[in-house]
Every structure is written in structure tokens, then in C-alpha cells.
Amino acid sequence: MKRRMLCLLVLLCMLLSGCAASRQEEDKGAVVVGFSQLGSESSWRIGNTASMEKAARAHGYGLMLDNANQKQERQISAIRSFIAYQVDVIALSPIVETGWDNVLREAKDAGIPVILTDRMIDTADDSLYTVYIGADFLQEGRRAGEYLLKKADAMGADHLNVVEISGTIDSTPMRERQQGFMQVIDGDPRFTVLESVSGDFLRSKGEECARYLLEKYGADGIDVIYSHNDGMTLGALDVLDAAGIRPGEDVVIISVDGEQAAVDALKAGRVNCIVECTPDLGDDVMDMVEALTQGKAVPKAMHPEETVFTEFDDLSQIGPRGY
Ligand code: GZL
């Protein structure tokens, strides 16, 4: 087994370095999945990659994994390499929603089904992908907004200034976590959204955003921070700590993902709400690969079960998060 994985890894390096090789006839027996992962920008992403690798192993599938390090052009070249190798299925976690039609049309012309995992694409031709497996980000955004309504009620607040630290611009989670949140609080006179700045889902940029917002609006000018992922939230907490501001008490902190470090902060009262976004998509993706390689009909979209953890819940019930 190790030899096979090593061979696949060597082959992927050859393919991506341009000396593309096509799949040998004798390799056609085992299912091979080409997976273009967008990067390793957060604990969520690292957990997601681990989930895909574990599920591929459990199914006995070869996995050609390419980490694009946040570069769309790298994802596009990886997909072309997967096509050249004639993988059975392509899995793609698209860093942004646009710019995929041409390369996905090449996959379609090659007869290779594409599973969009974790994030969606914006296309006029939905025949370019077979199925989307990932979160309902609008629901996640609404859950964040619903928590804030409950929190404002509990505080008896007349007015709260809100700032948003958003994810990667034009990515599905960024767009829809913002849309869902604003849908819920829009029209409620208690809330003013002062500004939204993008931290690109990176802890370091989340820190920069928090510093910028604090300098611009002052410690007393911000009542709520809505951050699109835990990595950026943890960066923001460092800035608040350094300024002598008590996160979770002086400023309401709403986050998304549910990684261990953020859940620990929730339990410590430093975060008020975490909307869960599970990275464990591997089993659903590889089950879908199995269905596709067996010619079975599949749905156009699949969303995993997710929940929300808030200060109003019994937090002792939250088990180890695994990422
Ligand atoms: C959401 C995923 C996001 C996570 C971030 O499904 O795309 O990207 O919320 C990750 O942590 O960087």
C-alpha cells in the first residue's frame, strides 16, 4: 500500500512539474481521485485535508493531493494534470467562486466527474460539476445573526456597534456568511455595522484587521466582532488582550468553524458564540466517488449536519474537536 501511495506521490510531482504521464493500463483497476485543495491557511483546512486522506485510505482509493497554497492558477494546473493522468474523479475545493468554466469544461470533455467540496463556484453551466458537498454557509451566517439577537435581548442593549472580519473575498463562505448574518440583523435598529474588512481566513490578517478596527473606532466604539473563522478570531483576541480589552465581556465575539483552540476560548468566556463548520467532509466525498464510479444517480448538493455553540449552552457537552 505504501508503495502505491509513494508511486502516486511521485507521479503527481511529475505531472505537476509538466512531465505529464498518463495512467498505465494496469493502474486502471483501482479508483484514483485527484484532489485540488486550496491551501493550508487554517486549522479547519488542515483538518479538512486530513479527513479527505483518511477517507480515501478507508475506501482503498489512490489520492493525488495537490495543495495550491491559496493560488487559483495552481488549482487550475492541478486539474489539468489530473485530466492528463485520467483520474476517475476530480475533487475541487475552489478558493474563489469565479474563473473555473474553462478547466471544468476540459474535465467534462474528458468524461471525468467533478465533485465540488467545501466551496461552490459561480457558473451559468451547472453541468460543469456533478455535485457540491459542503456547508450551507447562508445558514451559518443566519445562526451567527440569531445568536446576536438573543445576546442583545439578554443584555437589554439599546444599541450595539458591529464590525465584521470577513474571509477570502469572493469565496462562498465569505459571501454567504456575510449575507446570512446581515439578513437576520438587517432592519433591527439596535445594530449598526460599522465596517467589514477581509482577513482572508488567516490568523495573521485577522490580527491586522482587529488592530485597524480598534485604532479606527476605539475600545468603546466596538461592541461586537463577527469573524468568519476561528483563525482570524484568535488573532483578534491577541490584539484585544494587548489593549486591555476583555474579549467575551467588553466585546461580544462571534466566530465560525469550531476548532479546538476557539472552543477552549468559548469555554473560558473569551468567545461568546461559535457557529460550527465541520471540516470532516472526507467520508461524504469518498462515498460519492464510490457512487459515481458505480454509475449511480447522485444529488446535486449535500450539506453536512452542523450546529452552533453559544455561552447560553452547556459547554461541558462539547467533546474533543480533532482540529
Ligand atoms: C469553510 C472553509 C473556510 C473555513 C476557514 O467551509 O472554506 O475556509 O471556515 C477555511 O477556516 O480557511
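Counting convention: from 1, in listed order, for ligands and their atoms alike.
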(message) Tell me which one of Ile185, Leu160, Val163 satisfies side-chain contact (heavy atoms from CB on, under 4.5 Å) with Val193.
(response) Ile185
(message) Treating Ser227 as the side-chain partner and Asn229 as the backbone partner, does any N or O pair qualify as donor plus acceptor under 3.5 Å?
(response) yes
(message) I need the atoms of ligand 1 closer than 4.0 Å to a non-hydrogen atom of Ser42, numbered in the order shown.
(response) 5 (C), 10 (C), 11 (O), 12 (O)
(request) Find all atoms of ligand 1 within a distance of less than 4.0 Å from any non-hydrogen atom belonging to Phe137, and give their numbers and elements. (result) 1 (C), 6 (O)
(request) Would you mind running through ligand 1 and noting each atom that sits below 4.0 Å from a heavy atom of Pro173? (result) 7 (O)
(request) Can you pull out the closest protein heavy atom to atom 12 (O) of ligand 1? Residue, atom name and distance to 0.1 Å, please. (result) Glu41 OE2, 2.5 Å
(message) Once rounded to the nearest 0.5 Å, what's the spacing between atom CG of Leu202 and atom CD of Gln70?
(response) 6.0 Å
(request) Between Arg203 and ligand 1, find which residue part has any heavy-atom pair under 4.0 Å and reply side chain, backbone, both or neither. (result) neither
(request) Could you tell me whether ligand 1 has any atom less than 4.0 Å away from a heavy atom of Gly231? (result) no
(message) Side chains of Asn48 and Gln37 only: does a donor on one sit below 3.5 Å from an acceptor on the other?
(response) yes
(request) Say whether Trp44, considering both its backbone and side-chain N or O atoms, lies within less than 3.5 Å of an N or O atom on ligand 1. (result) no
(request) Among all protein heavy atoms, pick out the one at the shortest distance from atom 11 (O) of ligand 1; state its residue, atom name and that distance to 0.1 Å. (result) Asp257 OD2, 2.6 Å
(request) Look up atom CG in Leu148 and atom CG in Asp223, then write down how far apart they are to the nearest 0.5 Å. (result) 10.0 Å
(message) Quick check on contacts: which atoms of ligand 1 are under 4.0 angstrom from a heavy atom of Cys277?
(response) 1 (C), 6 (O)
(request) Write out the residue and atom name of the closest protein heavy atom to atom 6 (O) of ligand 1, then the distance separating them to 0.1 Å. (result) Asp118 OD1, 2.3 Å
(request) Below 4.0 angstrom from a heavy atom of Arg177, which ligand 1 atoms are there? Numbered from 1 as shown, please. (result) 1 (C), 9 (O)
(message) Given the ring of Tyr129, does Lys300 sit roughly above its face, with NZ or CZ under 6.0 Å from the centre of the six-membered ring and within 45° of the axis?
(response) yes
(request) Please write down residue, atom name and distance for the protein heavy atom closest to atom 8 (O) of ligand 1. (result) Arg119 NH2, 2.8 Å
(message) Check this for me: does any side-chain nitrogen of one of Glu207 and Arg211 sit under 4.0 Å from a carboxylate oxygen of the other?
(response) yes
(message) My understanding is that only one of Val271, Thr233, Leu240, Ile225 makes a side-chain contact (heavy atoms from CB on, under 4.5 Å) with Pro247; could you say which?
(response) Leu240
